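First the structure, in the form of structure tokens, and then the observations on it.
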2 protein chains.
Amino acid sequence: MTGRSVTITEVARHAGVAVSTVSYVLSGKRTISADTRRRVLDSISTLGYHPHAGARALASKRSNVIALVLPLRAGMHVPVLMRFASAVVTAARTYDHDVLLLTADEGTDGIRRVAASALVDAFVLMDVELDDRRVPLLRDLAKPSVLIGFPAETAGLTCVDLDFAASGAQCVAHLAERGHDTIALLGAPAVVYERGTGFARRTREGFVAALAGSGVSGVALPCEETFDEVYETVGDLLRDQPGLSGLVVHNEAAVGHVLSALRQLGRRVPQDVAVVAICPDDVAERASPPLTSVLIPAEEVGREAVRLVMDKLAGKVVPMSTLLTPHLVLRAST
Amino acid sequence: MTGRSVTITEVARHAGVAVSTVSYVLSGKRTISADTRRRVLDSISTLGYHPHAGARALASKRSNVIALVLPLRAGMHVPVLMRFASAVVTAARTYDHDVLLLTADEGTDGIRRVAASALVDAFVLMDVELDDRRVPLLRDLAKPSVLIGFPAETAGLTCVDLDFAASGAQCVAHLAERGHDTIALLGAPAVVYERGTGFARRTREGFVAALAGSGVSGVALPCEETFDEVYETVGDLLRDQPGLSGLVVHNEAAVGHVLSALRQLGRRVPQDVAVVAICPDDVAERASPPLTSVLIPAEEVGREAVRLVMDKLAGKVVPMSTLLTPHLVLRAST
DNA sequence: CCCGGTCATCGAAGCGCTTCGACACCCCAA
DNA sequence: TTGGGGTGTCGAAGCGCTTCGATGACCGGG
């Protein structure tokens, strides 16, 4: 076992300077001569000093920890959520911050608690619903926050996400361009729409709105995640829409099933039915055939969320709304 | 915005007692008269007091935070990992602790850093490899830790997991009982075995060892996660092992593909091929047909890991190794 | 040669809490 | 009546850090 931990006092004594000098070397808040700085840094590394997080938080009123609020709701695709989460952790570290993980079961009390106890400096919230219970709380919290996703009413909030409406529209445009005039959107499970999850609804709205402008006819359906249900949905679709030749799939868990179902129903991709997905790159690449897709840039969104929250902590004014432009990548399925 | 936060001094003044009395009411470390306790608790709730986490950590040498070390390695099934993680967070809250999330990209330095800075009191590590780089570090860390999973050398560690060897054996026994004499194990992707991930190897060992005792012949193969690869693997298997009538699948992501592949290859489940899975309950239930399975008790493992780490923090002696007994649940696939 | 102004450093206060020893009080046994 | 042993409460020290004001050394200009 490693012994008692080294304090700033011991570093100061070892370097022959005052405690405050060590502190200023670390924070850079006052000028320190090159010579002194070097001596202090040497002492720090030979003694293996790490500032005590609690003491620092107490004296500076900053914990250097941000909370990541990650409810794991039914129907959400966990691997995608974790890519966001992972990106948030990595980005936070580049600002010398750590990440406290909050899940749903404590409800909004968890948010209130960690804010009031000064455990964290700020919040990043994921899996935002249109009418999210957490939102009113954020408005009168003394700590900054950023949402990944958009609730219905964004006044007073900072939100960041992929522009899902534009993504839906871009898929329609792509299929129209390829000459498809009857298409469908297979979206998230019904429960996700009912709950009012922003990204699902916005994609659908973008999809529907774009149909009109492009002279394409199409329907938007929710889509469950078991093979049997997908098979049935796809079967019904092909029966009801005889001319159907294009499919937009916005459901990571169902993508594989959709392709299997088409195969079993005797439709070739892309010859008989063209398929565009809205999903992370690796999901699209691992499918067979590899899917033309609009990339969900999880890493970029996570990084951007952290950048925004750090700017807010630094007192900067940040845009209320950050919508990342979708990019469609051509692969073998269209 | 909520105003400046309430301190213990204000609570004490409001209740007409000393600061230390408030502290003792909260910690229960000294006897306090019922009357005083009530007055203090009233003041706390009317003022909305929450102890300052940093101050508490500084004075008590306990941060009430545990670190969850969760590398997201290739080939791991993220939804299952997140069930463990989620269970850890929930369990930690029942001990009044929060969870700091550490990912892989900082490597072992992250562990060292948060330990040295007293940001956390203890560690729970997931996704443990047989020869894990984090293990030697844990041995000379001054903080307790618990591993979810078993490395090759467990001396000086505390580990908890499902007994995967017994699980593999139990699947063999179940199929043998049903009269199947030629079976196969489809496991994790090859990369997971190569990396030396304990649970994958132990299941395979348990499976192979049980074959001998039960007079069943069988093979164990790694299994990738794309449909095409699964289809090929299953196809090869049926061709090379003509008498094959039982399959054990220990790969959450491939389960669905295996069933699709069997269907496409004209085999009915369970009439032609019986399938047993090792996976969380919901995955087994959502498959079609619902799968007979050995449950991976993520919630229980997470809870147990937290219980162990809290016992260690409390100075109790805990068992080095906790192996949860597997339970096979009968469903429609065998 | 003295004065004002940097620059580099120091000392001390204070952040909000826990914990230790002290003490006042009360009850009961001697 | 006195003494001893609990109870219940208080005051103060101290946890390790940041930050503010003060100070000394050194510079160039008048």
Side-chain angles (χ1 to χ4, degrees), chain A residues 3-41 43-44 47-65 96 113-119 121 142, chain B residues 3-41 43-44 47-65 96 113-119 121 142:
Chain A
R4 229 193 74 278
S5 70
V6 184
T7 71
I8 198 174
T9 308
E10 298 168 45
V11 174
R13 188 177 320 129
H14 187 269
V17 299
V19 163
S20 50
T21 303
V22 177
S23 178
Y24 287 124
V25 166
L26 253 19
S27 70
K29 292 191 179 170
R30 288 206 180 167
T31 50
I32 297 287
S33 68
D35 178 56
T36 303
R37 178 198 315 292
R38 199 186 32 66
R39 277 209 332 281
V40 169
L41 292 177
S43 298
I44 285 177
L47 297 180
Y49 168 70
H50 286 265
H52 186 289
R56 176 172 273 191
L58 179 56
S60 70
K61 313 202 161 312
R62 280 292 187 84
S63 67
N64 275 34
V65 175
D96 195 28
R113 180 176 57 78
V114 299
S117 66
L119 232 188
D121 298 331
Chain B
R4 227 193 77 278
S5 69
V6 185
T7 71
I8 198 173
T9 308
E10 298 168 46
V11 173
R13 188 178 317 127
H14 186 270
V17 300
V19 162
S20 51
T21 302
V22 176
S23 177
Y24 286 124
V25 166
L26 254 19
S27 68
K29 294 193 178 170
R30 287 207 181 167
T31 50
I32 297 287
S33 68
D35 178 56
T36 304
R37 179 199 313 293
R38 201 189 28 68
R39 280 213 326 284
V40 169
L41 292 176
S43 298
I44 286 177
L47 297 180
Y49 167 70
H50 286 265
H52 186 289
R56 177 172 270 193
L58 180 56
S60 69
K61 314 203 160 309
R62 278 293 186 84
S63 67
N64 276 33
V65 175
D96 194 30
R113 180 176 58 78
V114 301
S117 65
L119 232 187
D121 297 331

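Lettering follows sequence order; numbering is per chain, from 1. Because the structure is predicted, anything quoted here is derived from the model rather than measured.
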* Do any N or O atoms from the side chain of B:N64 and from the backbone of B:D96 form a donor-acceptor pair under 3.5 angstrom? -> yes
* Let me know the distance between NZ of A:K61 and P of D:dC17, rounded to the nearest Å. => 17 Å
* To do: Round to a whole Å and report the spacing from CG of B:D35 to P of D:dT9.
  => 8 Å
* Asked: Does B:S33 put a side-chain nitrogen or oxygen below 4.0 Å from OP1 or OP2 of D:dG8?
  -> no
* **Degree of bending in the helix from C:dC1-D:dG30 to C:dA30-D:dT1 once both end axes are built from five pairs, to 10°** => 60°
* Asked: Of the options B:T9, B:T36, B:V17, B:I32, which is the one that meets B:V22 in a side chain to side chain contact (heavy atoms under 4.5 Å, CB included)?
  -> B:V17
* C:dG16 C1' sits how many Å from B:L58 CG, rounded? -> 9 Å
* To do: Establish, with yes or no, whether the OP1 or OP2 oxygen of C:dT18 is under 4.0 angstrom from a side-chain nitrogen or oxygen of B:R56.
  => yes
* Ignoring hydrogens and geometry, is there a side-chain-to-backbone donor-acceptor pair from A:S63 to A:A57 under 3.5 Å? -> no
* Asked: Any donor-acceptor pair under 3.5 Å between the side chain of B:R30 and the base of D:dT9?
  -> yes
* To do: Please state how far atom CD1 in B:I8 lies from atom P in C:dC15, giving the value in whole angstrom units.
  => 14 Å
* Phosphate contact (D:dT18 OP1 or OP2) by A:S23 side-chain N/O below 4.0 Å -> yes
* Return the 5'-most residue of the pair B:A59, B:R39 with respect to DNA chain D, ranking by each residue's nearest nucleotide. => B:R39
* **Atom-pair distance (NE2 on B:H52; P on D:dC15), nearest Å** => 19 Å
* A:K29 side chain N/O closer than 4.0 Å to the phosphate oxygens (OP1, OP2) of D:dT19? -> yes
* Side chain of A:Y24, base of D:dC17: donor and acceptor closer than 3.5 Å? -> no
* Return the value, rounded to whole Å, for the distance between atom OH of A:Y49 and atom P of D:dT18. => 6 Å
* Atom-to-atom span, CG of B:L26 to P of C:dT19 - whole angstrom -> 12 Å
* Distance check: side-chain N/O of B:T21 vs OP1/OP2 of D:dC10, anything under 4.0 Å? -> yes
* **5′-ward residue of the pair B:A55/B:V19 relative to DNA chain D** => B:V19
* Less than 3.5 Å between a donor and an acceptor, one on the side chain of B:T9 and one on the base of C:dG16, is that the case here? -> no
